[in-house]
Amino acid sequence: MGRPTGAKKVRRNQATFDYIVCKQLFTKAGLRSFYNAGGPISAPVGAMEVKANWVPADEVDSADYYVSEAPDGKKYALTAMHIIRKVLPDWTWATFEHQNNPGRCDYTGCRDAYGALVTDVDASDVRDRPYSACAKNDALKAMLSAAGLSPVWEHYCLKGSQTDFVSATGLPTHLGNSVTEAGFADTSSCITCHARAAVNAKGIMTTPAGFVDPPIPALCPNPSGSCSPNGAPDPNWFWTNPGKFDQAAVAMQTDFIWSIARFAIGD
Ligand code: HEC
């Protein structure tokens with residue numbers, strides 16, 4: 001199977017929506033007043049966002065996929081899904097892939113200690129190959145069926161999850177989806193790139209999408225491609241002279257939510 005290209009959609013739960021609306025975070029004026037008041041932007045515990053990638057259902061063996069009908073009547077199959085939830089202050093980050101996605105465990109391997117029979121799958125040296133199915137344990141199967149979910153969900157694999165910028169020994173943690181982060185799955189770190197979502201005193205995003213741009217060879221193994229920052233956030237993204245006596249803030253984080261920084265309306 002080749003890699004079909006498709007559409008992506010983002011959804012957020014009521015807690016996140018209410019926070020954004022009540023605090024006027026969808027306008028640049030609202031972001032400016034937050035900035036002037038010293039912030040911080042912090043969504044409530046329980047906030048949740050989902051980003052999903054879809055392809056036209058006739059491009060895949062759609063019986064194996066979760067299929068949904070768009071308002072225009074066309075059917076789309078789910079290939080990839082990110083779920084983030086504000087359980088910890090820096091959110092929990094998880095990404096799922098349909099088991100047929102070629103190259104699903106490339107670069108980082110796959111790790112699912114929650115519901116997969118095989119917890120760790122090593123990355124193949126040859127890219128874009130299919131990986132074996134992510135068969136579920138009985139406990140997860142029972143949970144899916146108790147929730148009334150169709151068995152097609154058993155074809156979706158938790159690729160991995162992320163709760164911190166670095167490991168206990170200080171190595172950068174990585175997580176990226178072969179579909180959503182196609183082209184930079186080798187450097188991807190959800191939590192680091194999203195930490196970069198920020199606005200300046202005018203309520204304008206300080207960087208459009210968080211990439212290391214231009215790529216820095218020491219950080220980016222493939223300098224001609226896109227490169228995600230990973231590891232601990234760089235204080236220079238948010239401060240001038242960080243750590244010095246004249247340290248000054250130049251940016252306010254939008255609590256890891258890119259859409260707040262990118263899509264605020266008004267001037
Ligand atoms: C190099 C930067 C980068 C990396 C790495 C990255 N994202 Fe994002 N993400 C973005 C940008 C930019 C957006 C907003 C535009 C869009 O939706 O495509 C976004 C949107 C999202 C959204 C919708 C909420 C929001 O912030 O607007 C979720 C949820 C999400 N990403 C989860 C993840 C997860 C989970 C991972 C890791 C598996 C990840 N992202 C990796 C840049 C990144």
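Given the structure is predicted, the values throughout are model-derived calculations rather than measurements. No hydrogens, no waters, no symmetry mates; every other heavy atom, side chains included, goes into these values.
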Are [X] and [Y] grouped together when hydrophobic residues (ILVMFWY) are joined by side-chain heavy atoms under 4.5 angstrom apart?
| X | Y | value |
| --- | --- | --- |
| M81 | I257 | no |
| Y66 | L144 | yes |
| F263 | M252 | no |
| V250 | W237 | no |

With sequence neighbours left out, the residues meeting salt bridge (charged side-chain N to carboxylate O under 4.0 Å, His left out) with R11 are none
Does the [X] side chain pair with the main chain of [Y], one donor and one acceptor, at a distance under 3.5 Å?
| X | Y | result |
| --- | --- | --- |
| Y19 | S42 | yes |
| Q247 | G243 | yes |
| T16 | M48 | yes |
| H194 | F256 | yes |
| S189 | H174 | no |
| R111 | V121 | no |
| T187 | S228 | yes |

Can a salt bridge be assigned to the pair [X] and [Y] using a cut-off of 4.0 Å between side-chain N and carboxylate O?
| X | Y | answer |
| --- | --- | --- |
| E97 | R104 | no |
| K86 | D255 | yes |
| E154 | K136 | no |

Check step by step if salt bridge (charged side-chain N to carboxylate O under 4.0 Å, His left out) holds for D58 and K75. CA-CA 8 Å; D58 54 12; K75 293 202 162 111; over 6 Å; no
With a cut-off of 6.0 Å (strictly less than), are more than 12 heavy atoms of other residues, nucleotides or ligands near CZ of R129? no
Got a sec: does the NZ of K28 have more than 12 other heavy atoms crowding it under 6.0 Å? yes
Who are the side chain to side chain donor-acceptor pair (under 3.5 Å) partners of N200, not counting sequence neighbours? none
Please tell me whether C157 and C110 are bridged, where bridged means their SG atoms are separated by under 2.5 Å. no
